[in-house]
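A short worksheet on the structure shown next.
Just so you know, these numbers come straight off a predicted model, no measurement behind them. Note: hydrogens, waters and symmetry copies are ignored here, and every other heavy atom, side chains too, is used. Below, chain A is the first sequence line, B the second, and so on; all start at residue 1.
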Amino acid sequence: MSEGKKNRRDFIKGSAAAGLTALISGTALSKSEVLAADGDNAKKALLMDNSLCIECQACRVACQNENEIDVEYSFIKFISNEVGEYPEVEYQLRRKSCMHCPDAPCIAACPVDALSEGKGQFTVIDAEECIVCGRCQEICPFEVPEMGEERMYKCDACQHLLAEDKEPACVNTCIAYALDFGDYEDMLEKGQERVDELKENHPEANLYTADYSEGEYGLLLILKTAPENLDLV
Amino acid sequence: MKLTRRNLLKKSGQLAGALALSLKGFNFFDWSAEAQEAEIEKAPTLCNTCGTQCGAWAYVKNGRVWKVEGHEEDGRSQGKLCARSHGGLRWVYDSDRIKEPLKRVGEEEFEPISWDQALDEIAEKLQDILHEYGPRTVGFGHYPRSTGTFYGERFMHALGVSTVCTHNTSCNAARNAGFINSMGGVPDADLANSKYVLMIGRNHGGGIRTDQMKKVSKALAGDTKIVCVDPRQNDIAKLADEWLPIVPGTDLALVLAISNYIIEEGLYDEEFVEEHAIGFEDYADNISRISPDWAEQITDIPADKIKEIAEELGGNRPQAIVHPSWGGAFGAVYANSDETARAVSCLNALLGNINQEGGLIFHPTPELGELDSDKHPAPEVPDTRRADGVGVMGEFPLAGDHGLPHYLMEKAKEGTFKSMFIRHHNPVRNFPDYDHMAEGFKSLELSVVFEINMTETAILADYILPECSFMEREEMISAVGGPKASIGMRTEVIPKVYEETKSFDEIIVELAERLDIGEYFNFTLDDLNEALLEPYDISLEEFKEKGSMLVDLEPPIGETDLNTRSGDFEFYSEVYEHAGRSAVVGWQPPAVGMNIEEDEFRFITGKEGFHSHTATANIPSLAQITKDYDTNRLWINSSVAEEMGIEDGDKVKVESSLAAREVRVKVTERIHPGTVFMPSGYGNRTPYYEKSQEIDTLNPNDLVPYRTSNISGHAMRQEALVTLEKV
Ligand code: SF4
Ligand code: SF4
């Protein structure tokens, strides 16, 4: 492993742990509630049911078209894993894309303010401002931003579609109906309901990150398996 | 200044930086969205990347097709589109598109010619062939959808040609034959309302049909138990309640054992069998010795599991289904596929699930009008004997009118078949045994391909006629049946990208005039579409704005009359008997047999959800998925690989009776140890697909020999044994 990569790993571990502590000590009134009360920028979330995803990549390509990014880059990736032995093998999968952290560390890290909180409280990157220094990538606990030649690449929940009251392109196209979008609280509730159903056959089922922290992440993942099996902290 | 999204975003950055705090009330994105709207237009179309032809909205920005979205009012897409569709719109701007008529002047060498020259020469040569050898030596092959079927058939019929073929013998011809000849058609599976579904080989996540995928997802998320049988843990098997790996080509043994057990244990629907079926006794008798224990030896599925499946199917009927599948395990894959399909149909009949909620339903298809036959007389359907042996005793009496393109290539090599017109179809690459297909095609005296890309078939043709892409042409209205039925059409989303391209209907009309059959085409596409739209209370102009429209039709729940000869379910087929085939279904091994050498593997293939046959490997966004996830590899079971000293990513030589090829392997627990699997979307042999060369690898049809089933005439795409050697 290269020195740089190793350093980053250690750093992620550290920052993830720090993130968790901060979240557990969360405030009584969540940030989304504050903002909702403000009537301005209500907290939204993407809900991804990984137990239904067929990995068809429709979301990825719809997203590339929608956001007009070069095909070498993708805001949506998948992490997968085979567990067990033939024929008792289980395939596990999750979407890997921006988690839209509360108090996103990347926003604070960006030296030119290219990152900010946008509509729906998603973390938005301004490609034109980005100087490709890679700080956001280094600090991201989920190893999300991807470095291109002229900019960093990561999901912004299709800000321009949200402005038209439309859902993000991935949600709009998912042919397995694995993706949903809406108010944070609604997505949280839906996610929890689905996890309860899944628990019957998959005792490890969980809603990531809601089951692990009080922080409100803009991407909620319904998982059949423990997060550590899918490279999550 | 023109507002592009890029410089809008730039502005937004400045705004956000400088004014974020003070401008809280101002919503930049609302504003920018409005500003953008001015330059974006949307028009309805039908996707053309696979055969499903999903209703879609195409968005045009600055005159270029930018993106597609699913059309909510289309029964297929229901608002959703797959990766292939999002990628497929790149075809429109593929720099290697065919831009003008081409004439072959050497081995894969072409020169551009004018339309007049192309059509004059083709018409003259075709006249000569018809005159000298007769209409029986000419054929048309295509991927059958509205415009191609109507204009292609009408044109051929007017010339006395009866040999019209589709791709079906490399797709689902066996499945269709088995169902049609017992149940009278292929029903729709009401998955979401079913309690128990056995899916044999059908991978809805790879061979995607958007509307079917919706039902599968509902079933997966709901209370339906889904059990997947497949040598490989496919894209649905990995999400389903159970995955049962099976020895490839032995699904028939499994189905017959389940059926016999259900009969023996009295788990079947006696009332349905007595009242609405014929030949039950003969059928039951014929399979009475097929036990779960015997099937275990053949299939590798434990006898107890077979009994459990039988009990769950019987216990949950009629809300239980054995899925009618598609290509999968019995579409056109093994010598016994026709009979596996028939056995699956019979098993469903035992469950009494036909036209029952949660069972199999024959949804009607919306009605379309017709041209006034007085004003626009159609040519008579010719009684010319077909060149491909369809309906001919001694050849393929039971094969449907999907025809046998692979058998035609044998006749072309013999010199008894002279000319083929191919449209939106690539038989040379997509049927087993490339050399057989290519040699046959090259032997033709006149071959004409209507295409937008230089496919493997096109590069061997005498003439290539460039069509405009699906985004640049209007087409005939078509109807799709199903729980959500609809009618839909393609509209001209953008003007022609290349001036010298034409739509298929335009070309056919011009050719028809040169062949003195212009009288059969004395109408415009608008006249035709107006006639088709006649049953509906909407004008063509309005419909072109809408593109797709749902049509409310009652499902025939409780209907027991079937579209068979007898009107009942036919466990016993007089048609098969008359044609010298077995009147009732029974066990038949795959062509490669049951006893194979220790070092041999059964070779299987299948689709990935982001590629459509070999047509999309050249699309950058789809090819990139293959690269990113390294999917163009041969799957091999982990323990077998370990024994052979093969590691993930290693290169092996894979050899069949036909050829040897090198390919990298994917070592996985998700496949039966006696099996290797290769995705079907790679191995282009056209130098014009530059991008595809970056992901080029083995194509299954390089390894599988040419064969033809004696019922539907399908091409047995998985009848091959291979050996592996690390290189
Ligand atoms: S579109 Fe849906 S099913 Fe397909 S990969 Fe994306 S999330 Fe998964
Ligand atoms: S299934 Fe996909 S490729 Fe096929 S028609 Fe529908 S959207 Fe297009």
Side-chain angles (χ1 to χ4, degrees), chain A residues 38 40-41 49 51-68 70-72 74 77-78 80 82-93 112-114 116 118-119 124 126-129 159-164 166 169 172-178 194 197 201, chain B residues 5-6 9-10 12-13 16-17 20 24 27-33 36 66-70 79-83 85-87 89 204-205 208 210 213-214 216-218 220-221 233 235-236 238-239 241 243-245 609-610 620-622 624-625 628-629 637-639 668-673:
Chain A
D38 225 18
D40 189 29
N41 191 15
D49 187 344
S51 78
L52 291 178
C53 172
I54 53 172
E55 228 178 325
C56 70
Q57 311 281 351
C59 50
R60 162 182 164 135
V61 189
C63 166
Q64 287 172 329
N65 282 358
E66 183 67 56
N67 295 294
E68 296 174 283
D70 291 344
V71 301
E72 285 79 19
S74 52
K77 295 181 167 55
F78 295 93
S80 64
E82 279 180 15
V83 180
E85 278 175 23
Y86 174 89
E88 299 296 326
V89 49
E90 204 181 295
Y91 184 77
Q92 301 168 337
L93 166 105
V112 293
D113 289 339
S116 61
K119 203 168 169 75
V124 178
D126 180 343
E128 296 291 314
E129 292 299 314
Q159 290 288 306
H160 58 290
L161 290 177
L162 304 194
E164 292 174 53
K166 287 184 174 171
N172 182 270
T173 211
C174 177
I175 60 167
Y177 298 77
R194 176 69 181 144
E197 281 168 26
N201 292 320
Chain B
R5 222 176 104 237
R6 213 167 156 75
L9 274 174
K10 189 164 186 169
S12 97
K24 268 217 134 180
N27 189 321
F28 168 76
F29 286 97
D30 286 343
W31 168 79
S32 74
Q36 273 187 68
W66 161 39
K67 62 166 184 173
V68 280
E69 269 177 13
K80 308 285 180 184
L81 297 173
C82 75
S85 184
H86 298 295
L89 56 92
H204 288 89
I208 293 167
T210 30
M213 194 53 229
K214 181 176 188 176
V216 173
S217 286
K218 271 197 178 174
L220 283 168
Q233 193 185 56
D235 302 299
I236 301 302
K238 72 189 178 195
L239 308 176
D241 294 277
W243 168 50
L244 301 176
F610 44 88
S621 54
L622 304 183
Q624 190 65 38
I625 298 170
D628 287 357
Y629 293 91
N637 176 280
S638 309
S639 28
T668 171
E669 300 287 344
R670 297 169 56 205
I671 188 163
H672 181 275

- Query: If you round to the nearest 0.5 Å, how far is CE of B:M213 from CG of A:L52?
  - Reply: 7.5 Å

- Message: Heavy-atom pairs under 4.5 Å with chain B - which of A:V112, A:T173, A:V89, A:N201 has more of them than the others?
- Response: A:T173

- Shortest non-hydrogen pair, A:C56 vs B:I208, comes out as CB-CD1, 4.0 Å

- Item | Nearest-0.5 Å distance that lies between atom CZ in B:R670 and atom OH in A:Y91 | 5.5 Å

- Task: Evaluate side-chain contact (heavy atoms from CB on, under 4.5 Å) for B:V216 paired with A:I54, printing each intermediate quantity in order.
- Result: CA-CA 11 Å; B:V216 173; A:I54 53 172; over 6 Å; no

- Task: Determine the option with the most heavy-atom pairs under 4.5 angstrom with chain A, choosing from B:I671, B:D241, B:I236.
- Result: B:I671

- Task: Against chain B, label A:C59 side chain, backbone, both or neither, depending on which of its atoms sit under 4.5 Å from a heavy atom there.
- Result: neither

- Below 4.5 Å from any heavy atom of chain A, which atoms of B:T668 appear? Answer side chain, backbone, both or neither. both

- Which region of A:L161, side chain (C-beta onward) or backbone (N, CA, C, O), has a non-hydrogen atom less than 4.5 Å from a non-hydrogen atom of chain B, or is it both or neither? side chain

- Item | Interatomic spacing from CG in B:D628 to OG in A:S74 - rounded to 0.5 Å | 6.0 Å

- Using atom types as modelled and distance alone, determine if a side-chain donor or acceptor of B:S621 lies under 3.5 Å from a backbone N or O of A:V71. no

- Query: Between B:S217, B:G609, B:G79, which has the largest tally of heavy atom pairs under 4.5 Å with chain A?
  - Reply: B:S217

- Only one of A:E66, A:E68, A:Q64 passes side-chain contact (heavy atoms from CB on, under 4.5 Å) with B:K67; say which it is. A:E66

- Query: Taking atom CD of A:E85 and atom OG of B:S638, what is their separation to the nearest 0.5 Å?
  - Reply: 8.0 Å

- If one checks every heavy atom of A:S51 against chain B at 4.5 Å, the contacting part turns out to be backbone

- With no hydrogens and no angle check, is any side-chain donor or acceptor of B:E669 less than 3.5 Å from a backbone partner on A:E82? no

- Query: Of all of B:E69, B:Q233, B:K214, which one pairs up most often with chain A through heavy atoms under 4.5 Å apart?
  - Reply: B:K214

- Task: Given side-chain contact (heavy atoms from CB on, under 4.5 Å), test B:I625 with A:V61 step by step and report yes or no.
- Result: CA-CA 9 Å; B:I625 298 170; A:V61 189; 3.7 Å; yes

- Message: Return the CZ to CZ distance between B:F610 and A:R60, rounded to the nearest 0.5 Å.
- Response: 9.0 Å

- Message: Between A:Y86 and B:N637, does the side-chain contact (heavy atoms from CB on, under 4.5 Å) criterion hold? Intermediate values first, please.
- Response: CA-CA 8 Å; A:Y86 174 89; B:N637 176 280; 3.7 Å; yes

- Can you name the residues that form a side-chain contact (heavy atoms from CB on, under 4.5 Å) with A:E72, not counting sequence neighbours? A:D70, B:Q624

- Taking B:K80 for the side chain and A:N172 for the main chain, is one N or O donor matched with an acceptor at less than 3.5 Å? yes

- Task: Determine, for A:Y177 and B:K218, whether the Lys NZ or Arg CZ falls below 6.0 Å from the six-membered ring centre while staying within 45 degrees of the axis.
- Result: no

- Please report the C-alpha distance between A:E90 and B:W243 in whole Å, then the side-chain angles of each, then the deciding distance to 0.1 Å, and finally whether the side-chain contact (heavy atoms from CB on, under 4.5 Å) criterion is met. CA-CA 10 Å; A:E90 204 181 295; B:W243 168 50; over 6 Å; no

- Examine whether an atom of B:L244 lies under 4.5 Å from a heavy atom of chain A, and if so say whether it belongs to the side chain, the backbone or both; otherwise answer neither. neither

